[in-house]
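Below you'll find the structure, written out as structure tokens, and then a few comments.
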Amino acid sequence: MDKDDSRTINFYKRRSYMFHLPSFELGKLLSSSQHATFLDIGENTVVPEDFTKKEMQTGMWWRHLVAGAISGGVSRTCTAPLDRIKVFLQVRGGEYSSIGICLRHMLKEGGIASLWRGNGVNVLKIAPETAIKFAAYEQLKPLIRGGSERELQIYERFLAGSIAGSIAQSSIYPLEVLKTRLALRKTGQYKSTWDAACKIYRTEGLRSFYKGYLPNLLGIIPYAGIELSSYETLKKSYTARHPEIKEPGPMVLLGCGTASSSCGLIICYPLALIRTRLQAQAITSSQTQEAGTMIGVFKTIVKREGLAGLYRGITPNFMKVAPAVSINFVVYEYSSSRLGVKKS
């Protein structure tokens with residue numbers, strides 16, 4: 001709404017904003033200005049939504065969390081085959097030189113169902129991760145405000161979101177390790193997720209559930225910063241080139257979200273690759289040569305595969321961006337509507 005960056009919203013700005021919204025439903029008009037949709041590409045988004053005091057008191061906030069968990073689960077399930085191919089190429093790229101070879105191996109080894117190995121844990125962690133992230137974010141906001149009721153600035157929201165995301169990731173990180181191990185397992189290696197957790201604990205100890213934690217944590221802050229800044233830059237660039245359009249439509253916003261997420265992915269992907277290598281280290285054939293540290297894995301990858309090795313498996317990750325964003329957006333809108341969020 002604030003096109004002239006005056007930090008004030010008057011009646012005419014509000015009216016112009018309402019006229020150009022791609023909806024005629026009153027519920028959507030009222031809720032659109034409060035909730036910004038941060039698009040999830042199946043990695044880690046770290047800035048939760050803001051909720052009004054009324055939404056907090058009436059319990060409307062939990063419906064947003066449920067809708068987010070449902071949309072995230074459906075999106076991850078639909079793109080799970082691409083995610084498993086990505087993990088295979090990240091860890092065993094030397095054995096499988098292309099997506100096609102990797103896919104044929106999976107189908108031959110375990111059939112079509114094997115393409116969704118590890119997806120159950122991936123879906124299971126969405127709800128607690130979202131809830132913990134939101135709870136931490138709500139506790140951090142008053143501390144950053146310093147007791148006042150002012151609105152948070154973008155850098156303050158970024159700081160609070162980054163810390164909240166770090167707390168949430170620390171809480172559910174063992175599930176991340178389990179997801180990687182289950183995605184790479186052979187047929188019959190583990191009877192269930194619980195069986196996998198017990199066997200890993202018995203053979204490797206508790207510390208194994210936090211392998212790759214440091215590069216994962218280091219990747220959270222730059223990913224969120226790049227994603228947010230790129231999204232705003234692309235959106236403003238579009239409106240500057242099309243002055244007749246006051247507010248971009250849903251497809252433009254989806255495009256900006258996909259592009260901004262891709263920018264963050266390119267910059268932070270080497271950290272994600274190192275994290276996955278560390279998570280899977282106990283079951284890879286190269287574990288005796290690779291040091292069990294972030295720096296050691298980095299040096300080994302560069303030495304054996306060159307700088308290009310830091311981006312091994314990024315192609316299937318790019319392939320899942322657009323469908324993941326679209327599915328997440330559509331399912332979120334449908335779920336929130338069914339839960340009554342848009343009708344309040």
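For Leu89 against Arg312, the heavy-atom pair with the smallest separation is O-CD, 2.9 Å. Contact detail for Ser75 and Thr79: the closest heavy-atom pair is O-OG1, 2.9 Å. Contact record, Val177 with Ser208: CG1-O, 3.7 Å, taken as the closest heavy-atom pair.
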>> Applying side chain to side chain contact (heavy atoms under 4.5 Å, CB included) to Ile266 and Phe318, what does each step give before you reach the verdict?
In response: CA-CA 10 Å; Ile266 291 172; Phe318 273 131; 3.5 Å; yes

>> The test is side chain to side chain contact (heavy atoms under 4.5 Å, CB included); show your working for Met319 and Ile99 and say whether it passes.
In response: CA-CA 11 Å; Met319 290 172 62; Ile99 295 175; 3.8 Å; yes

> What's the verdict on side chain to side chain contact (heavy atoms under 4.5 Å, CB included) for Ile200 and Leu178, showing C-alpha distance, side-chain angles and the deciding distance?
Replying inline: CA-CA 9 Å; Ile200 294 170; Leu178 272 176; 4.0 Å; yes

> Going through the distances and angles, do Val91 and Gln279 end up as a side chain to side chain contact (heavy atoms under 4.5 Å, CB included)?
Replying inline: CA-CA 10 Å; Val91 178; Gln279 288 175 344; over 6 Å; no

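Residues forming a side-chain hydrogen bond (donor to acceptor under 3.5 Å, both in side chains) with Ser171 (at least two apart in sequence, or on another chain): none. By the side-chain hydrogen bond (donor to acceptor under 3.5 Å, both in side chains) test, His105 pairs with Tyr96, sequence neighbours left out. With sequence neighbours left out, Lys186 forms a salt bridge (charged side-chain N to carboxylate O under 4.0 Å, His left out) with no residue at all.
Hydrophobic clustering keeps Ile126 apart from Leu339 (ILVMFWY residues linked when any side-chain heavy atoms are closer than 4.5 Å, directly or through intermediates). Both Tyr269 and Leu278 are assigned to one and the same hydrophobic cluster, defined by single-linkage of ILVMFWY side chains at heavy-atom distances under 4.5 Å. Cluster annotation: Val297 is connected to Leu271 through the hydrophobic network of ILVMFWY side chains, with a link wherever side-chain heavy atoms come within less than 4.5 Å. There is no path of hydrophobic side-chain contacts, each under 4.5 Å, that joins Leu206 to Trp194. Under the 4.5 Å side-chain heavy-atom criterion for grouping Ile, Leu, Val, Met, Phe, Trp and Tyr, Phe209 is not connected to Leu124 through any hydrophobic cluster.
In summary, Asp83 and Arg76 do not engage in a salt bridge, as defined by a charged side-chain N under 4.0 Å from a carboxylate O.
With values rounded to the nearest 0.5 angstrom, Ile301 atom CD1 is found 9.0 Å from Gln90 atom CD. Between the CG atom of Leu140 and the CG atom of Leu159 there is a distance of 8.0 Å, given to the nearest 0.5 Å. Rounding to the nearest 0.5 angstrom, the gap separating the NZ atom in Lys125 from the NZ atom in Lys179 is 6.0 Å. Atom CE of Met106 sits about 11.5 Å away from atom OG1 of Thr187, to the nearest 0.5 Å. Considering CD of Glu109 and CZ of Arg185, their distance stands at 9.5 Å, rounded to 0.5 Å. Atom CE of Met294 is separated from atom CD1 of Ile274 by 6.5 Å, given to the nearest 0.5 angstrom.
Here the side chains of Phe298 and Leu310 are in contact, with some heavy-atom distance below 4.5 Å. Here the side chains of Arg92 and Cys102 are not in contact, with every heavy-atom distance at 4.5 Å or above. In this structure, the side chains of Lys299 and Val302 stay at 4.5 Å or more apart for every pair of heavy atoms. Between Tyr173 and Leu217 there is no side-chain heavy-atom pair separated by less than 4.5 Å. Proximity of Leu115 to Ile85: side-chain heavy atoms (C-beta onward) are nowhere separated by under 4.5 Å. Side-chain contact between Arg181 and Leu184 is absent, with no heavy-atom pair separated by less than 4.5 Å. Annotation: side chain of Leu107 is in contact with side chain of Ile112 (closest heavy-atom distance under 4.5 Å).
Checking Asn216 against Glu176 by side-chain atom types alone, no donor-acceptor pair falls below 3.5 Å. Under the 3.5 Å distance criterion, with hydrogens and angles disregarded, no donor-acceptor pair is assigned to the side chains of Ser98 and Arg104. Counted by atom type alone, Tyr311 and Glu305 present zero donor-acceptor pairs between their side chains at under 3.5 Å. Using modelled atom types, one finds no donor on one side chain facing an acceptor on the other under 3.5 Å when comparing Ser170 with Tyr210.
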